Structure formats: C-alpha cells, structure tokens
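Labels below follow one simple rule: chain letters A, B, ... track the order of the sequence lines, proteins then strands, and each chain is numbered from 1. This one's a predicted model, so the numbers in the text were calculated from it and none came from an experiment.
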There are 2 protein chains.
Amino acid sequence: MVDCANCPLRKLDSFETLNREETAFMRRFKHGELKVDPGTPLLMEGSNSPQLYTALRGMGLRYKLLPNGKRQVVNFVLPGDFIGLQAGLMGEMQHSVEATTPMVLCVFDRAELWTLFKTEPERAFDLTWLAAMEEHFLGEALTTVGQMSAVQRLSWGLLRFFSKCHDLGLADGSRCPFPYRQQDLADALGLSLVHTNKTLMKLRQRQIVSLQDGCLTVRDPETLAKQALLEVESPRRRPLI
Amino acid sequence: MVDCANCPLRKLDSFETLNREETAFMRRFKHGELKVDPGTPLLMEGSNSPQLYTALRGMGLRYKLLPNGKRQVVNFVLPGDFIGLQAGLMGEMQHSVEATTPMVLCVFDRAELWTLFKTEPERAFDLTWLAAMEEHFLGEALTTVGQMSAVQRLSWGLLRFFSKCHDLGLADGSRCPFPYRQQDLADALGLSLVHTNKTLMKLRQRQIVSLQDGCLTVRDPETLAKQALLEVESPRRRPLI
DNA sequence: CCCCTCCTGTGTCACAGATTAATGCGCGCC
DNA sequence: GGCGCGCATTAATCTGTGACACAGGAGGGG
C-alpha cells in the first residue's frame, strides 16, 4: 500500500499493519479506543497530554488555532495516520484534531513510547519513518503555500489527498471520498474561502476535477499534476521593448 | 540547552551530545566527515541517497527548488541539526542543503540507521524526538506562511532563529550571528525580496530588531513576540458610516 | 408550511504584496 | 584606476488575493 520501495533498509510491509485495522501491536500497547463524532474538536495540549493516537477509521483534520481566530489546517487525517507526537512543544498555538466523519482512534499511552523503543525496535523504526514522511509532507506543503498561486495550491492539495486515498485503497477509480468543506481546504492552503471557491470553479469548468456530494473525482490527472508543480502557461508577460 | 522539560519520558540530557561536539556515539556510527564551503549546494536525492548528516559546526539552509525556478527555504540549519531523513520520498522537488558559513557535517551511513534502532534505543528515541520537533516547527512555519502578514512572518522568523541560537548557546545577550541574505529570509517566509526588505526597514525603524554585518540583534523582544503571534494593532478599517 | 442556519456561488472593490527597474555601495580583479 | 559583480535599498506600477455583501440551495426542526 504505502510505497516503501525507497526505504533502503528493509521492506516495510509492517506499514500495512498501521493502516486501518487494529493489529496485535496496537492491541498490546493501546490504552483505549476513542470514537469521535464530527464537529467535536479533540484538543492536544502539547506533549503534556499523555496520549498519542492512531486513526483507525474515518477522516478528520489536524489544525492549529491562532490567537486572532484564524486557523491553519496542517494535514488531513486518514486511517493509519499517527497523531500526537508533533503536538506543541512550546504551547503557543492550540493544536487540535477534528473529525469530519465519525472516527475511531486507537489511543496509546505516551509513557509506553519508551517501552516500545526498548522492546520493539521494528515498530519504533516504523514510527520514525512515519514521522519522516510527515516531515516531508509538511516541507512540501510549506513550499506550496509559500511559493504557489491559488490554482497550483488547489491542484496540489487535491492531488495529494487523492493519492493518499488511493494508496490506502480508499479510492474507487478516479473517485475518492472528500468529507471536507471548502473552508477546510482554504485553511489548509492559506487562501480565503471565497477565493478557494472561485478557483475551484475554474478547475471544475476546465473539467480537471469535480467535487460534490462529499466525493472528489479527478477527471484530468495529467493537467492536475502539471499544475501542481508548475504554472501550465508561463504567466510571464513579455517585455514591452 | 535544548528544552526537554516537556518530554514526559526522561530527561533528555543526551540531547546535548547531539549539539556541536562530536560524541562517542557519532564516532561509532559515522561514516565520514564533510566540510562544506558557502555557496556549494549539497544535493540530497531523496532516500536513495545513502547518507544522513548532522551539522557539527557552521550554519546553512535547507531548501527545495521548484521547476519554475522558485525556492522555498524549509529551515535554517544550525549545529546539532539532523538532516536527510526528511529528504524527498517522491522525488518531485529537489531537496538541498547549502552552507552560508563554512560548515562541518558528520556523515552517517543510512544503512546503519537500522542497527542504531536495534542496539541503541536511547539514541533512536532521540532521533524520533528530533523528527517530532522538526515536524512541530514545520507546522508552525506552515501556519505562519499561510495565515500571517509580512510583519508577522518576519517577526516570527527572526524570533525563532534567535531562540534557536540562544538555546544552542550561540547568542551573546540579545545578539546572534545571522549569516543569511535577505533573499534567504524572503524565500523562507514566502515573501518577495523587495517586500522583505521594506518590512525589515519597518522593524528596524521601530527599533525592534537590527540586522547588519551578519548579526541579528533583538532590541525589543516583547514587541517582537507579540507581533509574531498577533497583529499588534488591529488593522480592521472602521466602516465608512 | 415557515423560519433558521450552514454552506456554496458570484459580483464589486480595496489593498498587501509581486514585479520591474534604477541606484548606491562594497569588494575583488585585471 | 576602471570594471564587473553581488547585495541592499528605494520608487513606481500592476495584480492576485482578500474583504464584504448578497443570493440561492439544502437541510432540520417545530
């Protein structure tokens, strides 16, 4: 499922065990299970919070709240995602998770983490690998939000989400569930709601994606991928002379 | 040095050993040493590259190059920083490190990583902790670039860099080295060079920071910190009637 | 049925920031 | 000295995006 071909050390087939189904490993270390309903934010008060989570079922989003009321969606949470390690060390911003469909989370006791490292190096390695993947994703997100236009950001965001769904086997052909509001997309990509809406309309009118009834359909993956990396037509005006 | 008070598991005094000085641990696992001169980019071709690095001395920056020639500075590299785990898994964007002062890097063999997890869980734990800290930083950076104004971004960036220096003992009072060009700052914060320059001038004229001769001086830390989180004066226009 | 609320769609306008260009300044080099 | 080069600075202009306002549709509840 998850592409591990690049991992130089070993085939990480154990990755799959982190996805969607509760494994023997989870059963051993888990502290409890959590069912979360859409709309209820799950606050994570930094590393003082004694809990770590793995999403088992459902989708949600991980975000930070700013003192001025704005919100940055840091990542979309899908089954298999590990949450909580990255919670605030400094405690300046509120770090939260909110479900957008009914979710089931596997809860770990943070204090067990150290045990894990001593007794199950393979699992510890997986964990680190996941953290590195997340770090890579965030670097890409930062690059996109920092350097790209609205069309490119949307293209990147939708494509990324779709591939993640696809890797998890949640996509049906070019279709995947997308239980988010436009406001969520806007907050994830550093755009305003209105502009996100208008840009989405552009993508729809160009028959590149379709987004309705909680489903995302990628109609033109090539163009989408091209736009996600580089403006299709060079927007550079030619000099006047 | 690095604040570990929040780590619930144990006092991470071993962190210090990752900073600046080469330790017995490094000597055991290290594959070589690398001296890098300013201006020579060190390409990291994803996890296919067999190497991982720890910065021992000097400063630099880690960035991604886009096909359209733009650049996103992902983080500033200081002594003690671990580099390479987060290199591209997908290989879309070029991920590189460039020194801005002469640097010394400790080179690890990527294949040794797995050995480390089996034989030195403490070190493996440190590594994961570092990855989590980096992840937290990137989340904050994303939030800043996605939601904040130019003044706030600059304030956040400078403050962050200064605290990092301070934690590493590289700062002298309110002064720390800053071997970067304004273009580097601009690329880190998703701003244009010109606008970065103008905003910097504003901060200087308000006696909040001073930036010259490769040194950053924080003159008014309170205001800086306030601005880094929330616009000081609310920029909301009052209605016309 | 109406009323209310949440969300999407669309037009208008203002502004923060991008772009371009020109200047100055220090520095190394021939 | 004169030249080129890299970088900081400043000004002038343009534009992508945000802010605001409002209409319409979809539910939900009494």
Of Phe161(A), Tyr63(A), Phe137(A), the one forming a ring-ring contact (aromatic ring centres under 6.0 Å, His included) with Phe76(A) is Phe161(A)

Using a 4.0 Å heavy-atom cut-off, does [X] contact any base of the nucleic acid, only the sugar-phosphate backbone, or nothing at all?
{"X": "Leu200(A)", "answer": "nothing"}
{"X": "Gly190(B)", "answer": "sugar-phosphate"}
{"X": "Arg153(A)", "answer": "nothing"}

Where the side chain of [X] is defined as all heavy atoms beyond and including C-beta, which of [options] is the nearest nucleotide?
{"X": "Arg181(A)", "options": "dA19(D), dC7(C), dG17(C)", "value": "dC7(C)"}
{"X": "Gln182(A)", "options": "dA19(D), dT8(C), dG17(C)", "value": "dT8(C)"}
{"X": "Lys198(A)", "options": "dG17(C), dT19(C), dT12(C)", "value": "dT12(C)"}
{"X": "Ser149(B)", "options": "dG17(C), dG9(C), dT19(C)", "value": "dG17(C)"}
{"X": "Leu193(A)", "options": "dT8(C), dT9(D), dA18(C)", "value": "dT8(C)"}

I want to confirm an ordering. Mapping Val194(A) and Asn197(A) to their closest nucleotides on DNA chain C, which one lands closer to the 5' end?
Asn197(A)

Could you measure the distance from the CG atom of Leu34(A) to the OG1 atom of Thr54(A)? Nearest 0.5 Å is fine.
12.0 Å

Below 4.0 angstrom from OP1 or OP2 of dA8(D), is there any side-chain N or O of Arg204(B)?
no

d([atom1], [X]; [atom2], [N]) in whole Å:
{"X": "Asp213(B)", "N": "dG26(C)", "atom1": "CG", "atom2": "P", "answer": "12 Å"}
{"X": "Leu185(A)", "N": "dT8(C)", "atom1": "CG", "atom2": "C1'", "answer": "13 Å"}
{"X": "Leu189(A)", "N": "dG18(D)", "atom1": "CG", "atom2": "C1'", "answer": "15 Å"}
{"X": "Gln212(A)", "N": "dA26(D)", "atom1": "CD", "atom2": "P", "answer": "12 Å"}

Salt bridge (Lys or Arg N to Asp or Glu O under 4.0 Å) contacts in which one or both residues fall within residues 65-78 of chain B, not counting sequence neighbours:
Arg71(B)-Asp184(B), Arg71(B)-Asp187(B)

Would you say the side chain of Ile208(A) lies within less than 4.5 Å of the side chain of Gln227(A), judging by non-hydrogen atoms?
yes

